[in-house]
2 protein chains.
Amino acid sequence: MAASFDPPIETECPTPAAAWAGVRMSYDRDEEIFGEGEPARNVYMVVSGAVRTYRVLADGRRQIVEFHLAGDVFGFDGDPTHNLTAEAIGEVTLQVMRRTAFFETDRPDAPGAGHAWATLLRKLQRAEAHVIMLGRQSACERVASFLLDMRGRMIRAGFDGDGISLPMTRQDIADYLGLTIETVSRTFSQLQVSGMIELPSRRSVVVRNLAAMDRICA
Amino acid sequence: MAASFDPPIETECPTPAAAWAGVRMSYDRDEEIFGEGEPARNVYMVVSGAVRTYRVLADGRRQIVEFHLAGDVFGFDGDPTHNLTAEAIGEVTLQVMRRTAFFETDRPDAPGAGHAWATLLRKLQRAEAHVIMLGRQSACERVASFLLDMRGRMIRAGFDGDGISLPMTRQDIADYLGLTIETVSRTFSQLQVSGMIELPSRRSVVVRNLAAMDRICA
DNA sequence: CGGCCCGTTGAAGCTAATCAATGGCCGTGG
DNA sequence: CCACGGCCATTGATTAGCTTCAACGGGCCG
């Protein structure tokens, strides 16, 4: 039964935070973590909760560049100042450290050497996948890809099953996928009607037909 | 006079290639440099010419992720295998080196320390800018942004003036901007009619009204 | 219980895609 | 040197998909 699914939005980071120096900080819903134009000295690791990084164009259009979930590292945009704004989605706890210190973790003699490189390369690959999605995929393909991506990230974080909990609003999803909130909503409905997903609540999705969803993603 | 503009497509790399180990290699027009799924052991620096990296979806849709011009480094997509295909646009000369060796250039004691980090961070920022463009900008805004980006890269490479030489076809531009070739062509025409650019030949563009172009980019 | 925010649904409009035909440049070969 | 063929680009007409505008619903919190 889908209803038995309990949203694990607040989860501890799977990466050992002990390996991180720096300070732990908490943010409230919609609180700004850093803003466009501010000096970019720190990097941040999500301990619990979720973060969005985005840019707003002059006329108000917003593009969310990435959602950062428990274990993710962010704050690399821009040098010497941030190109993006980062905001808490709901309550968030972060581990904050100097960028220089983060780069240091990559010295050959440092514990976890190569970790920083791998992190950056993964971010680059995610950004490239985002480009491909926004450049060439339809609304339906984008939504399906998004859901399967969220599912994969949840599973990698230790939650298995097809229940996906979405910390963000429909508007956030729309601004991530380059669509309007109405199109996202309609697409969710279509996927539900066609039996591929269930929508037990606003913030949760259950994948009913993974193979079909996979096929959509093209 | 616009006609006096000579296309400097073939240019020597501004970064001292001597700092690079590795082999020099040449490729013909449309020749594959690496393909999706191949082991990703090397990184490449463009000495002369231009390269496109792209992915093709199952049904043939192509998204170009990046154009690499003289001085640019590429080949970071995917680990352990490439997620993208890289192809020569026209005749290309590349300097090829092991990824591991490239990362080594970043050891504190190595000459040019910090160079590799800076390279990756710049690539990430470009990818994020691409995301914003594809997610939220109109066809006209995309084309204008593209032209000004190409202009900026040419200027940084040592060519000043408003004459831009485009090594790639309209189809390549379309696949980079997430548009069709017809839309790109129409938008070029509109910009020309409105007096913002001139199109002296297929592969060159002259910016006539930089301020107006800037304003379009939003 | 009431208000507010978020999400859903419907109808009309617009942008870019698709389908189709023509134009022009360039390389090749007579 | 000119003629031909092929490829790339442009332009026009129509269509499709997403956005915009508008109204309603439903859950949650005070």
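For clarity, every value in this text was computed on a predicted model and none was experimentally measured.
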Distance, rounded to the nearest Å, where [X] contributes [atom1] and [N] contributes [atom2]:
X	N	atom1	atom2	answer
Leu191(A)	dT8(C)	CG	P	12 Å
Arg136(A)	dT18(C)	CZ	C1'	13 Å
Met168(B)	dA9(D)	CE	P	11 Å
Leu179(B)	dA16(D)	CG	C1'	16 Å
Ile181(A)	dC5(C)	CD1	C1'	11 Å
Arg170(A)	dC5(C)	CZ	P	18 Å
Ile89(B)	dC8(D)	CD1	P	13 Å
Asp175(A)	dT19(D)	CG	P	11 Å

Over all strands shown, is [X] touching base, sugar-phosphate only, or nothing at heavy-atom distances under 4.0 angstrom?
X	answer
Thr183(A)	base
Arg29(A)	sugar-phosphate
Ser201(B)	nothing
Ser185(B)	base

Exercise for review: Indicate yes or no: does Arg61(B) engage Glu141(A) in a salt bridge with an N to O separation below 4.0 Å.
Suggested key: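 Looking at Arg61(B) and Glu141(A), the cut-off is met.
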Point to revise | Under-4.0 Å salt bridge between Asp172(A) and Arg52(A) | key: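 Answer for the salt bridge query: yes.
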Check your understanding: Of the nucleotides dA9(D), dT9(C), dT19(D), which one has an atom closest to the side chain of Ser189(A)?
Key ->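 That would be dT9(C).
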Practice item. Describe, in one word, how the ring planes of Phe74(B) and Tyr44(B) are oriented to each other, choosing from parallel (under 30°), tilted (30 to 60°) and perpendicular (over 60°). Key: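 If you compare the ring of Phe74(B) with that of Tyr44(B), the planes turn out parallel.
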Check your understanding: Has Arg153(A) got its NZ or CZ under 6.0 Å from the middle of the six-membered ring of Phe159(A), at an angle within 45 degrees of the ring axis?
Key ->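 Cation-pi check for Arg153(A) and Phe159(A): fails.
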Give each protein N/O atom lying under 3.5 Å from an N/O atom of nucleotides 26-30 of chain D, with the pair distance.
{"from": "dG26(D)", "atom 1": "N2", "to": "Arg202(A)", "atom 2": "NH2", "distance (Å)": "3.1"}

Check your understanding: So does Arg186(A) reach the base of dT20(D) with its side chain, donor to acceptor, closer than 3.5 Å?
Key ->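 It does, because a donor-acceptor pair links the side chain of Arg186(A) to the base of dT20(D) below 3.5 Å.
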Review point. Hey, does the side-chain of Glu182(B) have a donor or acceptor N/O within less than 3.5 Å of a partner on the base of dC19(C)?
Key: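 Side chain to base: pair present.
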Check your understanding: Side-chain donor-acceptor pair under 3.5 Å between Gln95(A) and Arg24(A), yes or no?
Key ->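 Arg24(A) and Gln95(A) do have a side-chain donor-acceptor pair below 3.5 Å.
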Check your understanding: Going by atom types alone, do Tyr27(A) and Glu87(A) pair a side-chain donor with an acceptor below 3.5 Å?
Key ->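 Distance-only check fails for Tyr27(A) and Glu87(A).
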Exercise for review: Run the ring-centre check on Tyr176(A) versus His130(A) and record whether the distance is less than 6.0 Å.
Suggested key: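 Judged by ring-centre distance (under 6.0 Å), Tyr176(A) and His130(A) do meet the cut-off.
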